[in-house]
Asks: 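Mind having a look at this structure? Questions to follow.
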Amino acid sequence: IRTGGQTNAKVLFGELAPVGGSNDGRVYPLSFLRTAFCISTKYKFDKKKCDRLQRDGVAHHPYQFTNGKLNKNDVTYRVLSRLTSFLDKAGKAKAISSKVPVYFTEFGIQSYPDKTFGVSPQRQYELRARVERETYYNPRIRGFSQYLLTDDTDTGGFQTGLIYATGKLKPSFNAFRLVLDAKPTGSGKRKKLSLWGLVRPA
């Protein structure tokens, strides 16, 4: 990419799926990184097999498409620290640059009509807003992308859109323009509410 003339382009490594171990032989994201970076389970870098990887960031899809127990090598938005911790240790082992940033190149909350992993339309908005708030204050995350705009027509596909496949708007559509998250803080009689918002006028 860069030798082709795009000297300022960012080159990301990935893109990682959130979970592995399914029937289709999907690899766990941290297991994939460990093999790709030539790092042992004790974070020892094998210089004979690999050169140090120079990249601008790691691309990840931190969906929570599982209701079961996560494997220790899975990385969803609920356990994002697993990925940043891994990257820190890989950097310390000299396998990659230190403090490599993370880009969410795909993210969304599955809603009904998906009955397996979906939540209510209102809950979709609430969860999505909370995750965006947390990533906004996470210095390691440099990019946050919404996927999809409109749900797949196949209910076995992605129902993470802001619009139903029929064209009807979900609550998340207008909420995406003005993201608001209300988070309880404090304890006892001094309970408070912390309100965070993000305006997308375009």
Side-chain angles (χ1 to χ4, degrees), residues 1-22 24-66 68-110 117 127-149 158 160-161 176 179 181 198 200:
I1 293 174
R2 287 173 176 162
T3 56
Q6 300 186 52
T7 56
N8 295 323
K10 289 187 180 297
V11 180
L12 308 182
F13 188 86
E15 300 173 307
L16 304 174
V19 297
S22 62
D24 60 2
R26 188 177 299 157
V27 180
Y28 296 105
L30 294 187
S31 298
F32 174 79
L33 287 181
R34 187 172 288 109
T35 301
F37 295 169
C38 294
I39 299 176
S40 69
T41 54
K42 294 184 178 180
Y43 295 93
K44 298 295 183 181
F45 176 45
D46 190 341
K47 297 180 181 179
K48 294 181 180 180
K49 288 185 178 180
C50 297
D51 292 326
R52 188 182 186 208
L53 198 62
Q54 300 288 344
R55 293 295 178 266
D56 298 309
V58 171
H60 185 50
H61 300 174
Y63 298 109
Q64 182 73 29
F65 287 169
T66 176
K69 185 178 180 180
L70 292 174
N71 182 277
K72 64 180 181 180
N73 291 302
D74 288 329
V75 181
T76 69
Y77 70 85
R78 293 178 180 171
V79 288
L80 182 64
S81 61
R82 291 180 181 180
L83 177 58
T84 53
S85 176
F86 177 93
L87 294 175
D88 286 343
K89 292 176 181 177
K92 189 175 181 180
K94 306 298 183 182
I96 60 173
S97 304
S98 61
K99 298 297 180 182
V100 170
V102 176
Y103 291 79
F104 286 179
T105 48
E106 264 190 42
F107 180 72
I109 300 294
Q110 200 88 331
F117 305 117
L127 284 172
R128 198 203 164 284
R130 177 60 55 85
V131 175
E132 185 162 8
R133 174 185 186 153
E134 292 176 352
T135 55
Y136 181 85
Y137 288 110
N138 189 326
R140 294 294 291 279
I141 301 175
R142 304 284 178 81
F144 186 93
S145 300
Q146 164 61 33
Y147 186 85
L148 294 161
L149 175 60
F158 279 77
T160 56
F176 184 76
V179 184
D181 176 66
L198 182 65
R200 290 189 176 95

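Not measured: the values here are computed from a predicted model. We count residues from 1, following the sequence as given.
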Asks: So which atom in Asn73 and which in Arg82 form the shortest heavy-atom distance, rounded to 0.1 Å?
Replies: N-NH1, 4.3 Å
Asks: Under the 6.0 Å and 45° cation-pi test, does Arg34 pair with Phe86?
Replies: no
Asks: Please report the closest heavy-atom contact between Tyr147 and Thr160, naming both atoms and the distance.
Replies: O-OG1, 2.5 Å
Asks: Going through the distances and angles, do Phe176 and Leu149 end up as a side chain to side chain contact (heavy atoms under 4.5 Å, CB included)?
Replies: CA-CA 10 Å; Phe176 184 76; Leu149 175 60; over 6 Å; no
Asks: How far does CD1 of Ile141 sit from CD of Glu132, to the nearest 0.5 angstrom?
Replies: 10.5 Å
Asks: For Ala95 versus Phe45, what's the shortest heavy-atom pair and its separation?
Replies: CB-CD1, 3.6 Å
Asks: With rounding to the nearest 0.5 Å, note down the distance linking CG in Asp181 to CD in Glu134.
Replies: 8.0 Å
Asks: Please round to the nearest 0.5 Å and tell me the distance separating atom OG1 of Thr76 and atom CG of Leu83.
Replies: 11.0 Å
Asks: Rounded to the nearest 0.5 Å, how far does CG of Asp74 lie from NZ of Lys69?
Replies: 11.5 Å
Asks: Does any part of the side chain of Arg200, heavy atoms only, come nearer than 4.5 Å to the side chain of Val179, both counted from C-beta?
Replies: yes
Asks: Name every donor-acceptor pair, under 3.5 Å, that has one atom in a side chain of residues 96-105 and the other anywhere in the protein, sequence neighbours excluded.
Replies:
unit_1, atom_1, unit_2, atom_2, d
Ser97, OG, Gln54, OE1, 3.1
Thr105, OG1, Glu15, OE2, 2.7
Thr105, OG1, His61, NE2, 3.2

Asks: Determine which pairs satisfy salt bridge (charged side-chain N to carboxylate O under 4.0 Å, His left out) with at least one residue from residues 49-65, sequence neighbours left out, and list them in order.
Replies: Arg2-Asp56
Asks: Return yes when atom OH of Tyr136 has more than 12 non-hydrogen atoms of other residues, nucleotides or ligands closer than 6.0 Å, and no otherwise.
Replies: no
Asks: Hey, what's the ring geometry for Phe117 with Phe65, parallel, tilted or perpendicular (30° and 60° as the breaks)?
Replies: parallel
Asks: Where is the tightest heavy-atom contact between Ile39 and Tyr43, given as atom of each residue plus distance?
Replies: CG2-CA, 3.2 Å
Asks: What distance do Cys38 atom SG and Leu33 atom CG have between them, rounded to the nearest 0.5 Å?
Replies: 12.0 Å
Asks: On a heavy-atom basis, which atom in Arg26 and which in Val19 lie closest, and how many Å separate them?
Replies: CD-O, 3.0 Å
Asks: So, His60 side chain and Val75 main chain: donor-acceptor pair closer than 3.5 Å or not?
Replies: yes
Asks: Please work out whether the ring planes of Phe13 and Phe37 are parallel, tilted or perpendicular, with thresholds of 30° and 60°.
Replies: tilted
Asks: Ignoring hydrogens, what is the shortest heavy-atom contact between Pro29 and Gly20? Give both atom names and the distance.
Replies: CD-N, 4.3 Å
Asks: Tell me every residue that passes side-chain hydrogen bond (donor to acceptor under 3.5 Å, both in side chains) with Asp88, counting only those two or more places apart in sequence or in another chain.
Replies: Arg140
Asks: Working to the nearest 0.5 angstrom, can you tell me the gap between Gln146 CD and Arg128 CZ?
Replies: 4.5 Å
Asks: Does a side-chain heavy-atom distance below 4.5 Å link Tyr137 with Thr135?
Replies: no
